[in-house]
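Have a look at the structure below, then the notes.
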Amino acid sequence: MSLNIIVLAKQVPDTRNVGKDAMKEDGTINRAALPAIFNPEDLNALEQALHLKDANPGSTITLLTMGLPRAAEIIREAIYRGADSGIVLTDRVLGGADTLATSYSLAQAVKKFGNYDIILGGRQAIDGDTAQVGPQIAEKLGIPQVTYAEEILDLKDGFVTVKRRLENGVETVKAPLPCVVTVNGSAADCRPRNAMRVQKYKFAVSPSEVAKLTDRQKEIVENRPYLQLQEWGAAFVDADPEQIGFAGSPTKVKSIENVVFTAKESRVLDDDDAAIEDLVKELIANHTIG
Amino acid sequence: MDKNNLIVYCEFEDGKVADVSLELLTKGRQLASKLGVKLEAIVIGDNLDKVEEQLFPYGVDRVYKVSDKRLYPYTTNPHAAVLINLFKEIEPQICLMGATCIGRDLGPRVSSCLHSGLTADCTSLEIGDHKDVKTGKEYTDLLYQIRPAFGGNIVATIVNPECRPQMATVREGVMKKEVFDAAHKGEVVDLDPSKYVSDEDFVVEIIDRHIEKSKINIKNSPIIVAGGYGVGSKENFDLLYDLANTLGAEVGASRAAVDAGFTEHARQIGQTGVTVRPKLYIACGISGQIQHIAGMQDSSIIISINNDPNAPINTIADYVITGNVEDVVPKLIKYYKKNSK
């Protein structure tokens with residue numbers, strides 16, 4: 001059985017390398033100032049999708065991402081690893097969205113996409129760590145959700161069986177298709193790029209990227225539809241202006257503070273035997289240990 | 001029924017209300033008193049007899065119970081349906097949940113349906129006023145949902161000015177659990193499950209479930225030996241277990257050490273793990289990313305063992321030992337054994 005698989009992914013600022021200009025004055029993230037990466041758990045989700053495609057030849061994987069036009073970068077990355085195509089949902093009016101407005105926008109794009117069997121995505125994105133968008137999209141589409149997935153064990157007869165990794169154990173659940181499955185970082189790592197695919201798809205571009213190509217490259221893209229990534233706007237997915245972007249977000253950022261910890265006056269010790277024995281004696285004497 | 005109260009979704013497993021739920025009731029009691037509203041709790045599951053006895057001491061004024069065989073173990077849609085339908089009736093102004101696998105699965109589903117705002121993983125909750133800079137409209141007594149963002153590099157205060165309920169999740173251990181009044185009594189409301197859940201909600205079937213009581217109890221351990229990426233390997237992590245066994249401590253870890261596969265996720269300390277407040281925290285090879293420090297800074301005494309004298313964690317440590325973990329830890333074991341008793 002061939003499947004229509006949607007993988008939700010996000011291009012995220014690498015929060016491990018955050019500089020001073022990372023935030024704008026209105027409290028939203030200045031994405032342009034940061035190195036952008038493929039959200040790690042979305043790669044785990046992509047691997048589950050590729051696994052399903054391996055088991056169900058003829059299946060297609062479409063990456064759906066919302067963000068700046070440059071998010072086409074992660075679509076290319078996904079295609080190099082085995083995805084078939086991708087859509088960037090990008091529009092100024094979608095900016096400043098909280099998780100609910102984001103979920104609404106993405107759910108509208110899924111509806112526009114139409115026929116799908118399963119939607120996979122990472123559990124959460126490292127820039128927000130909320131884990132809310134997956135379940136909220138499922139709710140907006142009126143379909144079930146399976147969160148914290150570690151492995152898709154089986155997919156047949158209109159049902160998917162999923163192993164979930166919970167705080168204190170594991171659970172295996174069976175859900176009807178279509179549904180949303182969000183995948184944990186503990187799931188299998190994503191396979192690497194395939195060199196043949198990198199060659200074949202290196203000029204896969206979105207409409208806003210075409211301008212940067214040479215005339216020769218433009219011609220190549222024009223003649224090969226598989227190199228044409230899609231770019232969708234809010235109007236194209238019939239998004240209600242009241243439910244998108246900043247205005248459509250019930251939560252508002254009131255204030256942002258940098259984290260500052262109170263420094264203590266530390267005693268600095270050498271690692272020699274005498275110093276450590278003294279420390280241990282002191283901790284025993286004041287009943288911290290022992 | 002009176003409306004506009006504060007409600008806590010309580011998780012219930014093996015006849016016990018989860019710690020995180022009791023922690024939220026403790027915080028919820030403070031917030032409800034400040035707002036002058038009732039503190040309500042909802043428990044959904046099976047065999048809920050006398051569950052209220054576990055809840056009343058935390059100052060709960062009203063317990064909603066929804067009991068049905070099919071409501072345990074937890075699945076998303078039936079529990080979401082109960083909350084959605086009940087909230088339409090009782091219109092709570094605030095709803096709190098644990099930032100657990102259940103709360104983080106359930107919260108977004110409910111908030112999406114009710115179009116209310118939800119803030120995940122709050123580290124602090126307060127009541128305060130707000131003025132919208134764009135419209136100039138003023139709001140009183142909103143829930144400030146304070147949470148780290150951006151990998152813990154900033155702390156954001158989030159408000160939901162217009163939508164209700166204001167929803168927030170909080171991780172276990174972030175709030176302190178304290179009995180409000182052991183003699184406190186409230187009201188019990190048994191809800192008819194068939195009025196809140198329909199058969200169509202039971203779409204996802206649990207085929208198999210292995211839940212183990214966690215053997216790891218870092219949250220309540222008075223001494224924690226924690227390792228970071230600087231420990232270097234899974235083998236070196238064994239040294240930390242040796243030290244922990246010697247001191248009667250638990251082993252914790254930073255996110256980097258867990259991501260590197262040195263130890264299991266249940267030991268992770270920090271904003272995306274557990275928050276701890278032990279008497280003694282021994283940080284081994286932990287550089288001290290903000291997200292880690294936020295989860296252990298309230299420890300009474302902090303010892304940092306690091307070969308980098310400028311590791312950020314050293315600024316909040318009481319004792320800094322500049323050296324390699326594999327040299328220092330065996331010495332701590334040796335001299336503890338020599339000097340104890």
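These numbers come from a predicted model, not from an experiment. Because only heavy atoms are used, hydrogens play no part in the values below, and waters and symmetry mates are left out as well, while side chains stay in. Chain letters run A, B, ... following the sequence lines, proteins first, then strands; residues in each count from 1.
Atom-to-atom distance recorded for T288(A):OG1 and I301(B):CD1 is 3.5 Å, nearest 0.5 angstrom. Atom OH of Y319(B) is separated from atom CG of L269(A) by 8.0 Å, given to the nearest 0.5 angstrom. With rounding to the nearest 0.5 Å, the separation of CD in E171(A) from NE2 in H210(B) is 10.5 Å. For the atom pair CD of E257(A) and CD1 of I154(B), the computed distance is 10.5 Å after rounding to the nearest 0.5 Å. With rounding to the nearest 0.5 Å, the separation of CG in L332(B) from CD1 in I276(A) is 5.5 Å. Summarising the geometry, atom CG belonging to L106(B) is positioned 8.5 Å from atom CD belonging to Q145(A); distances are rounded to the nearest 0.5 Å.
In this structure, the portion of L247(B) lying under 4.5 Å from any heavy atom of chain A is its side chain and not its backbone. Heavy atoms of S300(B) lying under 4.5 Å from chain A belong exclusively to its backbone. In this structure, chain A has heavy atoms under 4.5 Å from both the backbone and the side chain of D105(B). Both the backbone and the side chain of A294(B) come within contact range of chain A, with heavy atoms under 4.5 Å apart. The part of I284(A) that comes within reach of chain B is its side chain, from C-beta onward, which places non-hydrogen atoms under 4.5 angstrom from that chain. Residue S186(A): no heavy atom, backbone or side chain, is found under 4.5 Å from chain B. Heavy atoms of I137(A) lying under 4.5 Å from chain B are absent altogether. Residue contact with chain B, scored on non-hydrogen atoms closer than 4.5 Å, involves the backbone of I143(A) exclusively. The parts of T130(A) that come within reach of chain B are both its backbone and its side chain, each placing non-hydrogen atoms under 4.5 angstrom from that chain. Only the side chain of R123(A) comes within less than 4.5 Å of a heavy atom in chain B; its backbone stays farther off. At a 4.5 Å heavy-atom cutoff, the contact between T119(B) and chain A is made by backbone and side-chain atoms alike. Contacts of D98(A) with chain B are absent, with no heavy-atom separation under 4.5 Å from either backbone or side chain. For V173(A), the parts lying under 4.5 angstrom from a heavy atom of chain B are both the backbone and the side chain. Heavy atoms closer than 4.5 Å to chain A are found in the side chain of R255(B), but not in its backbone. Heavy atoms of I303(B) lying under 4.5 Å from chain A belong exclusively to its side chain. Contact of I223(B) with chain A is made through the side chain alone, with heavy-atom distances under 4.5 Å. For chain A, the nearby parts of C101(B) are the backbone and the side chain; heavy atoms of each come within less than 4.5 Å. Heavy-atom distances place the side chain of Q124(A), and not its backbone, under 4.5 Å from chain B. Of the atoms belonging to S116(B), it is backbone heavy atoms, and not side-chain ones, that fall under 4.5 Å from chain A.
Chain B forms more heavy-atom pairs under 4.5 Å with one residue of P176(A), A175(A), G134(A) than with any other, namely P176(A). Note: A317(B) leads A317(B), A156(B), A149(B) in heavy-atom pairs under 4.5 Å with chain A. Contacts with chain A were tallied for R209(B), Q291(B), Q166(B), E162(B); R209(B) has the most, counting heavy-atom pairs under 4.5 Å. Put simply, of P250(A), G169(A), A275(A), the one with the most heavy-atom pairs under 4.5 Å next to chain B is P250(A). No other option in L280(B), T100(B), N77(B), D121(B) has as many heavy-atom pairs under 4.5 Å with chain A as T100(B). Per-residue heavy-atom pair counts under 4.5 Å with chain A were compared for Q271(B), K338(B), H265(B), K131(B), and the maximum is reached by K338(B). For the set A120(B), P108(B), A80(B), the entry with the most heavy-atom pairs within less than 4.5 Å of chain A is P108(B). Ranked by heavy-atom pairs under 4.5 Å with chain A, the first of I158(B), I211(B), V159(B) is V159(B).
At a threshold of 4.5 Å between non-hydrogen side-chain atoms, the residues T322(B) and D271(A) do not count as touching. Residues N339(B) and E277(A) form a side-chain contact, since some pair of their non-hydrogen atoms from C-beta on lies under 4.5 Å apart. The side-chain heavy atoms of F159(A) and E205(B), taken from C-beta on, include no pair separated by under 4.5 Å. Looking at R104(B) and Y148(A), their side chains come closer than 4.5 Å, going by heavy atoms from C-beta outward.
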Fill in: Derivation of the side chain to side chain contact (heavy atoms under 4.5 Å, CB included) call for H115(B) and L100(A)
CA-CA 8 Å; H115(B) 195 79; L100(A) 202 57; 3.5 Å; yes

Item to complete: Take K252(A) and D132(B), measure what salt bridge (Lys or Arg N to Asp or Glu O under 4.0 Å) needs, and give me the verdict at the end.
Response: CA-CA 9 Å; K252(A) 309 286 182 202; D132(B) 189 296; over 6 Å; no

Discussion item. Could you go through K134(B) and F246(A), starting from their C-alpha distance and side-chain angles, then the distance that decides it, and tell me whether this counts as side chain to side chain contact (heavy atoms under 4.5 Å, CB included)?
Written reply: CA-CA 12 Å; K134(B) 283 186 184 149; F246(A) 186 79; 3.4 Å; yes

Worksheet item: Step by step, would you call R267(A) with D318(B) a side chain to side chain contact (heavy atoms under 4.5 Å, CB included)?
Response: CA-CA 6 Å; R267(A) 258 174 62 191; D318(B) 299 272; over 6 Å; no

Item to complete: Take D273(A) and K331(B) through the test salt bridge (Lys or Arg N to Asp or Glu O under 4.0 Å) and record every step on the way to the result.
Response: CA-CA 7 Å; D273(A) 286 70; K331(B) 287 181 192 173; 3.6 Å; yes

Fill in: Criterion side chain to side chain contact (heavy atoms under 4.5 Å, CB included) on I207(B) and T161(A), from CA distance to verdict
CA-CA 9 Å; I207(B) 298 173; T161(A) 308; 3.9 Å; yes

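Annotation for K254(A) and D129(B): closest pair NZ-O, 3.4 Å, computed over non-hydrogen atoms.
Annotation: N286(A), atom CG; neighbour count of heavy atoms from other residues, nucleotides and ligands within 6.0 Å is above 12. Annotation: K337(B), atom NZ; neighbour count of heavy atoms from other residues, nucleotides and ligands within 6.0 Å does not exceed 12.
Neither side chain, Q136(A) nor S112(B), offers a donor N or O lying under 3.5 Å from an acceptor on the other.
No side-chain donor-acceptor contact under 3.5 Å links K140(A) to the backbone of C113(B). With hydrogens and angles ignored, the 3.5 Å screen pairs a side-chain donor or acceptor of S266(A) with a backbone N or O of N314(B). Judged by distance alone, the side chain of T251(A) and the main-chain N or O of G117(B) form no donor-acceptor pair under 3.5 Å.
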